[in-house]
Amino acid sequence: MLNDRIKIKEAPSRVGDKVVIFGWVEDKRIVGGVAFLTVRDPTGVIQLTVKRDVNKDLFMKAGAIPRQSTIKAGGIVRKYGETYEIVPNFIHVLSIAKHPLPIDPTGRTDTSLHKLIQNRPLSLRIPAINAIFRLRALTKQVIREFFIEKGFIEVDTPKIIATATEGGANLFEVDYFGKPAYLAQSPQLYKEQLTMGFDGVFEIAQFYRAEKSHTRKHLTEFTSVDLEVAYADYNDVMKILEELIKYIFTEIPKRGAKELEILNYKPPQPPTEIPRITYNDAIDIIRRRGVDIKWGSDIDGEALDKLAEEYPGFYYIIDWPWDSKPFYIRRKGDLSESFDLMMGKLELSSGGTREHRYEHLRRNLKEKQLNVESFEYHTRFYKYGMPPHAGFGLGLDRLMTIITGRENIREVVLYPRDPETVAP
Ligand code: AMO
């Protein structure tokens, strides 16, 4: 079927050749005795021109094809003013589109985000939406490239687990043959364990949080880019994350130039250096800007607005209070060897040095009021030569909103899951 196919973007280099294209009819006009079909595929758009005088049957057929129907057409490529056209000698309708359509897939009419998501396959025919998901695929490719180049090993950890990793809240319970099990909130404990045998591991996968958050930055199923590195501390992994951010924001504008042009959007420049602000300094800045914030509390809402006024780009908040971080993070008095990577008001990533000493890890669990024994399946490996290690988790969906300039996380996820939506 695909033997002679060219992608529509290749047409300009094939003027005078007989070619075959596959695509959908985006638009149709009959002017006098000429039928003009605008045909699109994911790479571009071209016009098919059929004259009644030249081929009456084909003219009648072309005029009767409903918009959005999928076709195969073959003919000669010609230059047509500033653009290109194909003068077809055949058009096969492969699949007819029934009208009315649930959305307008040309993108010319405003359609609600909800409707676009509900009709995702059709909405992918809107060039801007198609571009977002091409950029998403490109971003994953670029991230993989970066990690592989550094010698890190890509791993796959289980998504059905027996205990919580990020604390007991926000867990989706599943009935595992009559026993309770949970959907993984992150690969945290597994990725740490794997540093026993690998110098560094990474995973790009979906994770699950039963958070009833109705925001533009939370999903119940999100994609996390996780890294864990042996013999490293949080300074080392902050450096790696900084390099990764620079690499992404250098490569995407180059390799995704066409898609960004369709979106009419320029992502932020790659940072030369990502500043590090301690939690204590962040609190001072926020207080100086007139918001009364208690030491130890999370930085969100108005407090975060104030901080982002001073740091609108990428920055790290480091050395968080120990009480605000999970048990696996290494303690440093009242503080912890931890960091969040921010982009203005949006948290993109968090990470830290891990506690790799068996007794200290058990103590941490106790302090967080977690059941030490139920974590023994994990902590026991820390008795057998667990190397010091550090890592981070980077929210891919949130990162994509920054790369594509979208407001809502649902715009950069094909089939987003939030507290209201599990289907389609
Ligand atoms: P944390 O819980 O901060 O850390 O998650 C890491 C990053 O994942 C993204 N994220 C989400 N994105 C969309 N919807 C959600 N519900 C959601 N929850 C988290 C955010 C966040 O910064 N195990 C640690 C990471 C580590 O220390 O390696 C963790 O999961 O961008």
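Counting starts at 1 for both ligands and their atoms, following the listed order.
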Should you measure from each heavy atom of [X], which atoms of ligand 1 turn up under 4.0 Å away?
{"X": "K217", "result": "13 (C), 14 (N)"}
{"X": "G395", "result": "7 (C), 8 (O), 9 (C), 31 (O)"}
{"X": "G351", "result": "27 (O)"}
{"X": "Q188", "result": "23 (N), 24 (C), 25 (C), 26 (C), 27 (O), 28 (O)"}
{"X": "K191", "result": "26 (C), 28 (O)"}
{"X": "S349", "result": "22 (O)"}

Centroid-centroid distance, Y247 to F146, less than 6.0 Å: yes
Aromatic ring centroids of F202 and F152 under 6.0 Å? no
With salt bridge (charged side-chain N to carboxylate O under 4.0 Å, His left out) as the test, would you mind laying out the steps for E376 and K383 before giving the verdict? CA-CA 11 Å; E376 186 63 16; K383 290 188 286 194; 3.7 Å; yes
Mind checking whether [X] has a heavy atom under 4.0 Å from ligand 1?
{"X": "E221", "answer": "no"}
{"X": "D397", "answer": "no"}
{"X": "Y328", "answer": "yes"}
{"X": "S224", "answer": "no"}
{"X": "Q185", "answer": "no"}

Least distance between heavy atoms, [X] atom then [Y] atom:
{"X": "K332", "Y": "D319", "value": "NZ-OD1, 3.2 Å"}
{"X": "Q68", "Y": "R125", "value": "O-NH1, 2.8 Å"}
{"X": "F133", "Y": "E411", "value": "CZ-O, 3.7 Å"}

When you look for heavy atoms under 4.0 Å from ligand 1, do you find them on the side chain of [X], its backbone, both, or neither?
{"X": "L348", "result": "backbone"}
{"X": "F392", "result": "backbone"}
{"X": "R417", "result": "neither"}

Where does the angle between the aromatic ring planes of Y316 and F339 fall among parallel (under 30°), tilted (30 to 60°) and perpendicular (over 60°)? perpendicular
Look at the aromatic rings of Y80 and F36 and report parallel, tilted or perpendicular, splitting at 30° and 60°. tilted
Looking only at distance, does [X] have an N or O less than 3.5 Å from an N or O of ligand 1?
{"X": "E228", "value": "no"}
{"X": "L219", "value": "yes"}
{"X": "L227", "value": "no"}
{"X": "G352", "value": "no"}
{"X": "H218", "value": "no"}

List the steps, then state whether salt bridge (charged side-chain N to carboxylate O under 4.0 Å, His left out) holds for K246 with E243. CA-CA 5 Å; K246 282 184 197 169; E243 276 180 52; over 6 Å; no
Does the D41 side chain pair with the main chain of G44, one donor and one acceptor, at a distance under 3.5 Å? yes
Quick test of your reading of the structure: of K325, R398, R209, E211, whose heavy atom lies closest to atom 12 (N) of ligand 1? R398
By ring pair (Phe, Tyr, Trp, His ring centres under 6.0 Å), Y279 pairs with (sequence neighbours left out) W295, W320
The test is side chain to side chain donor-acceptor pair (under 3.5 Å); show your working for T83 and Q47 and say whether it passes. CA-CA 9 Å; T83 60; Q47 180 170 284; over 6 Å; no
